[in-house]
S.K.: 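First the structure, then my questions, so here it is.
All of these numbers come straight from a predicted model, not from anything done at the bench. We name chains A, B, ... by the order of the sequence lines, and we start the count at 1 in each one.
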2 protein chains.
Amino acid sequence: MRLPPPNALRAFEAAARHEGFIGAADELHVTRGAISRHVKLLEDHLGTPLFSRHAKGVTLTEAGRRLQSVLTDAFGRIAAETSRIATDAADLRIICPPAMSIRWLLPRLDDFRSRNPDLRVRLTTDFHGRDGFDAIEYDVGFSVENWSRTAPTAMMPLFDIPLVPACTPSIAARLSAPSDMAGETLLHESESHRDWTDWQTAFAVPGLDPTAGDAFPNLDMATRAAVMGTGVVMADLTLCRDEIESGALVLPFPDMVTASPMGRGCLIGGADTWDTPKVRRFREWLGEVVAAEA
Amino acid sequence: MRLPPPNALRAFEAAARHEGFIGAADELHVTRGAISRHVKLLEDHLGTPLFSRHAKGVTLTEAGRRLQSVLTDAFGRIAAETSRIATDAADLRIICPPAMSIRWLLPRLDDFRSRNPDLRVRLTTDFHGRDGFDAIEYDVGFSVENWSRTAPTAMMPLFDIPLVPACTPSIAARLSAPSDMAGETLLHESESHRDWTDWQTAFAVPGLDPTAGDAFPNLDMATRAAVMGTGVVMADLTLCRDEIESGALVLPFPDMVTASPMGRGCLIGGADTWDTPKVRRFREWLGEVVAAEA
DNA sequence: ATCATGGATCAGGTTTTCTGATCCTAGAGG
DNA sequence: CCTCTAGGATCAGAAAACCTGATCCATGAT
């Protein structure tokens, strides 16, 4: 791959686009003479004129036209990609599951934004499945300790994920023993039914099928269904604190709490970006918030 | 379009491709330090590292990988196009219709080639229709005076194109008057039947339908069909001199010669390349050949 | 523990590039 | 027909970018 002098290519491309050397000179903040020289250099390199010169300016030759179309396209791609990279490097890209986003992060994120007005924060909540988490590019993400990842990862534990059944007071009134829940609709945060299955592994309630009931796309919707009196949700105490405090949801068996086998909730990030200023600022803010609420 | 320093891009691209600065330094004929500096400059410009450094070299970061794929592709296109332009500028590209090529140019072209061993000659004969002539890129082409062209054209007349019927002696023996040709198969150089139509416009032979007979893709094949005794071809005397001299073809009505309404055969070329050394050398050689044979 | 590899850094020198003035050409306008 | 003007070409001197070559540094291999 033998490339002509890159600066000459850029000067020529600008000249071709402006159909004149003066416009190119303005764009590149140099003088006409510099453009003239660059173009000449490139023409010498290629052994053929790229412009035909007249008294009133220049017009592209066939070779010049061909070269310009390639250059304009190529430079456009490069400019697009470099600006994308620069933007991504400047912004803080956060990835966070739906329930965590809507019930925990978003209400607190305004505080971070106002403390860091120079940092643009981009939150992605709309991703699907486990693959999505690895496929999307982000700086930090909210996940769990036992997440298996391919890329080297840095991690910061945030809080426990206590699982406990929750429902409306009217349903709770019908539940005198844990096995009574078999008669209610179980609400699942996903088709996998892992929430109730994990809990049942810990407590082995007789007669309770942990895969029965209704499945939702995420925990937020399952919890909202519970508030509407649809059934019993396997609640994450951290994420339904509001409903518990307001009395919209109650815990019929408050001692039957188990920690998610996936481990604590935590912030994860790429090992190479973990110590960049923008990520460190977020980590420090997050640490303070969690410590203040614990 | 805000482009990072082009030289830094090139240095980075080479480093990324070689997965190390030393390889890139060799490729670009500079020292490691220069590459290191360029990469650092680019990283500063983008605000993010493109390589992660370890003791044993470097590996691309995600941003680096993304940038490299764009750059390698873009530089590849640029390199391909520039080398194509340079090659086209160095070579002499001739376009010439089939019969003219095979019957006139090729036998003489070896002489030009041996006189100009430094000049690579590329002959294109396989083009189709009138559009093709304008669409193909070439330095000089063999055509006729009355060619209507869009691009500004320089022109050098070469010789007349005398049209006259020709056939084998055995067919000629059956032709006592021009109108007898109506009983023979007329051989056409193309589906347009222009050769016989033009000739008939000049001589108005009674009973002769100038669109009757067999059509061939070019005059060479029509002439060869005539030699095989298939019929009467509207011969170009310049191009079937061999057959006339050997007696394979004869002219039953040697006085009924008319010049092609398209004008003389001539060499054409782009106004902008007409005076380049390679085209001038060809023009001068061609002028000598035509003068010597006239 | 030592070596080898590969990158980072820096002062100094070289090359490239830019500037700013001036020249040149051909079409526009009188 | 002459002058004017827009836009490119050219050149010497100045500025900037760039490269070199030596040296330093970190780490994995022997």
Side-chain angles (χ1 to χ4, degrees), chain A residues 2-61 63-65 67-68 152 271-272 275-276, chain B residues 2-61 63-65 67-68 152 271-272 275-276:
Chain A
R2 190 135 218 88
L3 225 52
N7 289 313
L9 289 173
R10 187 164 60 152
F12 163 75
E13 192 274 340
R17 199 155 20 80
H18 288 279
E19 298 182 336
F21 291 5
I22 293 180
D26 289 348
E27 175 180 318
L28 299 179
H29 307 297
V30 294
T31 55
R32 301 179 281 180
I35 303 294
S36 174
R37 165 189 269 284
H38 273 309
V39 170
K40 179 176 243 309
L41 182 72
L42 185 55
E43 290 177 328
D44 289 349
H45 185 96
L46 296 177
T48 185
L50 298 168
F51 288 108
S52 49
R53 276 80 166 170
H54 341 109
K56 294 278 169 197
V58 292
T59 53
L60 286 165
T61 61
R65 241 188 311 280
L67 185 58
Q68 191 218 331
D272 50 345
D275 275 314
T276 55
Chain B
R2 191 135 215 90
L3 225 53
N7 289 313
L9 289 173
R10 187 165 60 154
F12 163 74
E13 193 274 339
R17 198 154 22 78
H18 288 279
E19 300 183 332
F21 291 5
I22 293 179
D26 289 348
E27 176 180 317
L28 299 179
H29 307 297
V30 294
T31 55
R32 302 178 281 180
I35 302 293
S36 174
R37 164 189 269 283
H38 273 309
V39 170
K40 180 175 241 309
L41 182 72
L42 186 56
E43 289 177 330
D44 287 351
H45 185 95
L46 295 177
T48 185
L50 298 168
F51 288 108
S52 50
R53 277 78 166 171
H54 344 107
K56 294 277 169 198
V58 292
T59 52
L60 286 166
T61 62
R65 241 190 312 280
L67 185 57
Q68 190 217 333
D272 50 345
D275 275 315
T276 55

S.K.: What is the distance from CG of A:Leu41 to P of D:dA9, rounded to the nearest Å?
M.R.: 13 Å
S.K.: Could you tell me how far apart B:Ile22 (CD1) and C:dA8 (P) are, to the nearest whole angstrom?
M.R.: 11 Å
S.K.: Between D:dG8 atom P and A:Leu60 atom CG, what is the distance in whole Å?
M.R.: 12 Å
S.K.: Can you tell me the distance, in whole Å, between the CD atom of B:Glu43 and the C1' atom of C:dA8?
M.R.: 12 Å
S.K.: Within the structure provided, determine whether B:Asp44 and B:Lys40 are in side-chain contact (heavy-atom separation under 4.5 Å).
M.R.: yes
S.K.: Does the side chain of A:Val39 come within less than 4.5 Å of A:Glu43's, by heavy atoms?
M.R.: yes
S.K.: Can you name the side-chain hydrogen bond (donor to acceptor under 3.5 Å, both in side chains) partners of B:Ser52, sequence neighbours left out?
M.R.: B:Thr59
S.K.: Send over the distance from A:His18 NE2 to D:dG8 P, rounded to a whole Å.
M.R.: 12 Å
S.K.: Given atom CG of B:Leu50 and atom P of C:dG7, what is their separation to the nearest angstrom?
M.R.: 15 Å
S.K.: Are B:Ser36 and C:dG7 close enough that a side-chain N or O sits under 4.0 Å from OP1 or OP2?
M.R.: no
S.K.: How close or far is atom P of D:dC19 from atom CZ of B:Phe21, stated in whole angstroms?
M.R.: 14 Å
S.K.: Just jot down the ring pair (Phe, Tyr, Trp, His ring centres under 6.0 Å) partners of B:Phe12, sequence neighbours excluded, or say none.
M.R.: B:Phe51
S.K.: Does the protein touch nucleotides 18-30 of chain C at the base, only the backbone, or not at all? Give it as B, S and - per nucleotide, heavy atoms under 4.0 Å.
M.R.: BB-----BB----
S.K.: Evaluate the side-chain proximity of B:Thr61 to B:Thr48: yes if any heavy-atom separation is below 4.5 Å, no if none is.
M.R.: no
S.K.: How many Å lie between CZ on B:Arg10 and P on D:dC18, as a whole number?
M.R.: 11 Å
S.K.: Would you call B:Leu9 and A:Pro6 a side-chain contact if the rule is heavy atoms closer than 4.5 Å?
M.R.: no
